[in-house]
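What follows is a single structure, written as structure tokens, with notes after it.
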Amino acid sequence: MTSVTEASPPPPPVRRAGRGPGRERPRKAVDHGAWFLVLPALIPILVLSVGPLLYGVLLAFTDAQSGRTEPTRWIGALNFRDLLHDTLFWESFRIGLVWAVGVTVPQFLLALGLALLLNQDLRLRWLARALAIIPWAMPEVVVGVMWRLVYHPDAGVLNETLRDLGLGSGRDWLSGLATALPAVIVVGVWAGMPQTTVALLAGLQNTPRELHEAAAVDGAGAWRRFRRVTWPALRPIALAITALNLIWNFNSFALVYVLTNGGPGGRTRLPMLFAYEEAFRYGQFGYAAAMGCVMVAVISIALAVFLAGRLRGGDDA
């Protein structure tokens, strides 16, 4: 009689630590020492930038005023509702956009031409580069005072030159309704062009000369070399500096304040000047804070659309 021996069942699979169901993966250890290296740079940003920004947003929803004895009250979106019907503010916003675009576009074109010139092997190139950044080294208040003397209706250099050339008896450039904003835009272009020139010149110097030499050997002219070699290398720098210039120029204050103080008749009253007057001349801190919030929101949206379009165009190219 033959006996049948039953086969023993196979041993259960061995589970590895951290691989089975319901087991959490081990967390990475946090390097607390890295936070101590970041804190010296993070604390000033939080205290001087993020903190005032959050306080300004909070202030925009209150009726904060100077010189009042009653406590500040929370009024919700009342300041923003009043701001929607404030035609003077939106007119200053339009002037701010005209100023920002009117300064940024010629600033970039002139800086690009100057950077291409300073990148050539010229005699005394070091001196030309030093002279090109002088406007950048001057404070905005000094630039404003200097150009007020240039535009002076009686003894200004500009009017004296026009009289010597027989082109008229001169005019009051900063007080004329038709000439005030263009005159201020010229000053803005002159004062901000050096920083754009330096950025573009750095991009040109990082472009390999071998690419230009190879294109020249292939018979490419100056314009074709610029389109095919120079501009693709400069595109990221041009995008970044143009976006920064739009922000800086839209938020300008000191230069226009010294030149015209927003006049004549509000023709050069930029949004920052309008908010400054509401806060420190009329004491409407809550209303001025609401203006600042609207300016930050609108310029952020416009800048995001601009950057998205430029980046999409760069990817397609």
Side-chain angles (χ1 to χ4, degrees), residues 88-115 117 128-198 241-242 244-278 280-281 295:
L88 294 177
F89 171 73
W90 294 111
E91 175 64 17
S92 71
F93 205 92
R94 183 191 68 82
I95 295 173
L97 292 177
V98 172
W99 155 267
V101 176
V103 172
T104 301
V105 173
Q107 192 178 85
F108 176 79
L109 296 177
L110 294 175
L112 179 59
L114 184 58
L117 179 63
R129 289 179 177 179
L131 294 176
I133 65 174
I134 286 179
W136 193 14
M138 300 173 62
E140 287 188 330
V141 175
V142 176
V143 172
V145 172
M146 183 185 71
W147 277 91
R148 281 183 65 91
L149 297 176
V150 172
Y151 285 134
H152 195 277
D154 298 325
V157 176
L158 180 58
N159 283 336
E160 288 291 336
T161 304
L162 293 177
R163 294 190 190 98
D164 294 338
L165 295 176
L167 298 178
S169 58
R171 59 193 309 172
D172 195 350
W173 298 94
L174 296 177
S175 298
L177 296 177
T179 60
L181 185 58
V184 174
I185 287 177
V186 170
V187 181
V189 172
W190 182 84
M193 190 173 63
Q195 61 187 8
T196 308
T197 303
V198 171
I241 196 63
T242 302
L244 291 175
N245 283 338
L246 282 173
I247 297 175
W248 290 332
N249 292 327
F250 185 81
N251 292 328
S252 294
F253 172 79
L255 187 63
V256 181
Y257 181 80
V258 174
L259 284 170
T260 62
N261 197 17
R267 295 301 176 92
T268 60
R269 184 186 290 126
L270 304 182
M272 290 297 294
L273 280 171
F274 195 91
Y276 170 82
E277 291 179 352
E278 288 292 327
F280 299 103
R281 179 175 295 181
M295 286 188 286

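In what follows, every heavy atom counts, from backbone to side chain, and hydrogens, waters and symmetry copies are set aside.
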Exercise. Kindly write out the residues that satisfy side-chain contact (heavy atoms from CB on, under 4.5 Å) with Q195, not counting sequence neighbours, or none if the list is empty.
Key: W136, N245, W248
Exercise. List in chain and number order the residues that pass side-chain contact (heavy atoms from CB on, under 4.5 Å) with A132, two or more places apart in sequence or in another chain; answer none if no residue qualifies.
Key: L114, L118
Which value, rounded to the nearest 0.5 Å, describes the distance between [X] atom [atom1] and [Y] atom [atom2]?
X	Y	atom1	atom2	value
R267	L174	CZ	CG	14.5 Å
L181	T260	CG	OG1	9.0 Å
I241	L112	CD1	CG	12.5 Å
I95	W90	CD1	CH2	14.0 Å
W190	I134	CH2	CD1	8.0 Å
T104	L109	OG1	CG	10.5 Å

Would you name the heavy atoms of [X] and [Y] that are closest together and state the gap between them?
X	Y	value
A180	G263	CB-O, 4.3 Å
G96	P271	CA-CD, 3.7 Å
P106	V189	CG-CG2, 3.8 Å
G144	L259	O-CD2, 3.4 Å
V256	T268	CG1-O, 3.3 Å

Exercise. Could you check whether the rings of W173 and Y151 sit parallel, tilted or perpendicular, using 30° and 60° as the cut-offs?
Key: tilted
Quiz item: Residues in salt bridge (Lys or Arg N to Asp or Glu O under 4.0 Å) with R148, at least two apart?
Solution: none
Exercise. Name all residues meeting the side-chain hydrogen bond (donor to acceptor under 3.5 Å, both in side chains) criterion together with W147; count only those two or more places apart in sequence or in a different chain, and write none if there are none.
Key: none
Quiz item: Taking only residues two or more places apart in sequence or in another chain, which ones pass side-chain hydrogen bond (donor to acceptor under 3.5 Å, both in side chains) with T179?
Solution: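 For T179, no residue satisfies side-chain hydrogen bond (donor to acceptor under 3.5 Å, both in side chains) once neighbours in sequence are set aside.
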Exercise. Could you name each residue pair satisfying salt bridge (Lys or Arg N to Asp or Glu O under 4.0 Å) that touches residues 149-171, not counting sequence neighbours?
Key: E160-R163
Practice problem: Among V184, L246, V186, N249, find the residue that satisfies the side-chain contact (heavy atoms from CB on, under 4.5 Å) test when tested with V103. | Solution: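 That would be N249.
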Exercise. Taking N159 for its side chain and H152 for its backbone only, find out whether a donor-acceptor pair lies under 3.5 Å.
Key: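 Looks like yes, one N/O pair under 3.5 Å.
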Quiz item: Would you call M295 and M272 a side-chain contact if the rule is heavy atoms closer than 4.5 Å?
Solution: yes
